[in-house]
Amino acid sequence: MVQVTGRDEAMLDWLRVVRMADTEAVRWALAGLGDSEVPEGPLSARMAQNWITRMLAAGLVGRGRPVFQQGSVVWPANTMSGRVPDLYRQTARHDLAVATVAARYLARGYEWRRDRRPRTRRDHQADGVAIRDGMAELVEVELTPKTPIRYKAIHSNHAERLTREGFSRVVYLATPASARLVVKEADRWLFRDLRPRLVAVPVMDARGAWTGDDDAAWVAHLMAPAPTLQGAEPALWEVTA
DNA sequence: AAAGTTCCTACGGGCGACTG
DNA sequence: CAGTCGCCCGTAGGAACTTT
């Protein structure tokens with residue numbers, strides 16, 4: 001019989017939020033959800049592998065190996081809503097990238113949640129919400145640049161959520177090309193008081209892997225003091241389920 | 001003792017280089 | 001042209017060793 005610890009539960013909660021993850025993400029999540037407050041790095045691949053096989057034996061996760069990436073993918077064996085996630089869908093690569101990002105936030109002492117569903121036709125759902133010290137930032141993972149026109153709507157939605165919903169910042173973890181475009185369009189569409197609160201950091205590659213090319217910039221961003229929030233409706237983001 | 005790491009072997013897919 | 005050889009990666013898992 002497999003003993004399920006508190007960290008295992010936290011891991012499974014995280015896995016339910018991100019829906020699927022590769023072993024790299026599992027390594028970081030294990031570190032982030034472990035005892036040490038801010039771990040220096042991920043746990044070894046061996047530990048991730050052990051965790052996966054333990055959970056597999058307990059019937060708590062499923063595992064598969066999509067072709068597009070050389071590596072295996074785990075998902076919660078939840079059964080409730082979804083069975084096996086479609087690893088061959090167009091969005092699978094993006095979902096795995098989000099899991100990678102989420103795991104790294106966990107390792108920085110953040111909590112990771114799904115953004116609330118869009119409320120209106122115009123509304124935009126971010127890839128995740130990272131929370132620490134009572135502050136929440138919207139996180140977007142961008143592997144392919146969108147057509148420039150779309151950023152007008154998305155960025156103005158971000159602006160609204162920064163001012164009305166109490167989010168401290170919007171962070172894009174992106175490929176270099178995507179980051180450039182995001183920044184360019186942010187310069188166009190965000191007012192100058194809001195503009196510094198949107199950051200795009202080029203740390204991803206097109207396959208969804210964390211390159212860490214600008215890891216230092218990301219860490220610096222996380223460490224930077226958050227802007228003071230005025231007129232924010234506190235904790236609107238807390239009611240996301 | 002449990003958690004974690006490092007080292008080892010084996011296995012398989014992708015891919016470029018080479019070969020008949 | 002097809003076939004295959006070696007190499008690279010990343011998984012799977014055993015085992016020994018270190019850390020907490």
Side-chain angles (χ1 to χ4, degrees), chain A residues 1-79 82-112 127-128 132 141-144 173-178 202-215 218-219 222:
Chain A
M1 198 51 207
V2 177
Q3 186 103 294
V4 176
T5 66
R7 183 177 67 172
D8 294 338
E9 296 287 3
M11 285 291 292
L12 292 167
D13 285 343
W14 165 74
L15 203 51
R16 277 187 279 272
V17 168
V18 297
R19 286 186 279 263
M20 58 170 100
D22 59 21
T23 52
E24 174 82 359
V26 169
R27 292 176 60 187
W28 281 94
L30 281 170
L33 298 171
D35 292 331
S36 59
E37 201 48 47
V38 177
E40 346 52 75
L43 290 201
S44 60
R46 195 75 183 85
M47 287 304 289
Q49 192 196 339
N50 281 342
W51 184 80
I52 291 168
T53 51
R54 274 180 54 241
M55 294 300 106
L56 221 41
L60 294 171
V61 301
R63 180 173 61 181
R65 261 180 111 152
V67 272
F68 64 79
Q69 73 160 25
Q70 242 33 334
S72 63
V73 172
V74 280
W75 57 83
N78 181 11
T79 69
R83 338 179 275 309
V84 179
D86 189 352
L87 304 179
Y88 301 95
R89 257 174 59 214
Q90 203 65 41
T91 53
R93 184 185 268 99
H94 178 259
D95 289 348
L96 289 170
V98 173
T100 292
V101 166
R104 280 187 148 80
Y105 267 96
L106 291 182
R108 292 278 164 190
Y110 282 76
E111 195 187 325
W112 183 267
D127 291 319
R132 195 179 68 179
V141 177
E142 201 101 330
L143 304 179
T144 31
L173 289 318
T175 60
S178 297
V203 283
M204 311 294 294
D205 69 16
R207 298 198 342 277
W210 182 281
T211 61
D213 281 350
D214 217 350
D215 204 82
W218 180 63
V219 174
L222 296 183

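Naming: A, B, ... by sequence-line order, numbering from 1 per chain. What's counted below: heavy atoms across the whole structure, side chains too, no hydrogens, waters or symmetry copies.
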Atom pair distance, as rounded to whole Å: CH2 in A:W51 and P in B:dA3: 15 Å
Is the distance from OP1 or OP2 of B:dA3 to the nearest side-chain N or O of A:R54 less than 4.0 Å? no
Could you check whether any side-chain N or O of A:D127 sits under 3.5 Å from a backbone N or O of A:V98, counting only pairs where one atom can act as donor and the other as acceptor? no
Can a donor-acceptor pair be found between the side chains of A:N50 and A:R54 at a distance below 3.5 Å? no
Atom CG of A:L30 and atom C1' of B:dA3: how far apart are they, to the nearest Å? 11 Å
Using atom CD of A:E24 as one end and atom P of C:dC9 as the other, report the distance to the nearest whole Å. 14 Å
Which nucleotide in B:dG4, B:dT5, C:dT11 has an atom nearest any side-chain atom of A:T23: C:dT11
Interatomic distance, A:M47 CE vs B:dG4 C1' [rounded to whole Å]: 5 Å
Nearest-Å distance for atom pair CD1/C1', residues A:I52 and C:dG13: 13 Å
Touch class at under 4.0 angstrom, heavy-atom based, for A:R27 against every strand present: nothing
Taking all atoms of both residues into account, what is the closest heavy-atom pair of A:R63 and A:W75, and its distance? C-CH2, 3.2 Å
Rounded to the nearest angstrom, tell me the gap between atom CD in A:Q49 and atom P in B:dC7. 16 Å
Closest approach of A:T23 to A:A48 (non-hydrogen atoms, all atoms of both residues): O-CB, 4.0 Å
Ring-plane angle category for A:Y105 and A:W218, please: parallel below 30°, perpendicular beyond 60°, tilted otherwise. perpendicular
Has the side chain of A:S72 got a donor or acceptor atom that lies under 3.5 Å from a matching backbone atom of A:G64? no
Where the side chain of A:T175 meets the backbone of A:S178, is there a donor-acceptor pair that is under 3.5 Å apart? yes
Reading 5' to 3' through nucleotides 14-20 of chain C, protein heavy-atom contacts under 4.0 Å coded B for base, S for sugar-phosphate only, - for none: BB-----
For the pair made of CZ in A:R65 and C1' in C:dA12, what is the distance, rounded to whole Å? 9 Å
Check the distance between C:dT11's P and A:L56's CG and give it to me in whole angstrom. 14 Å
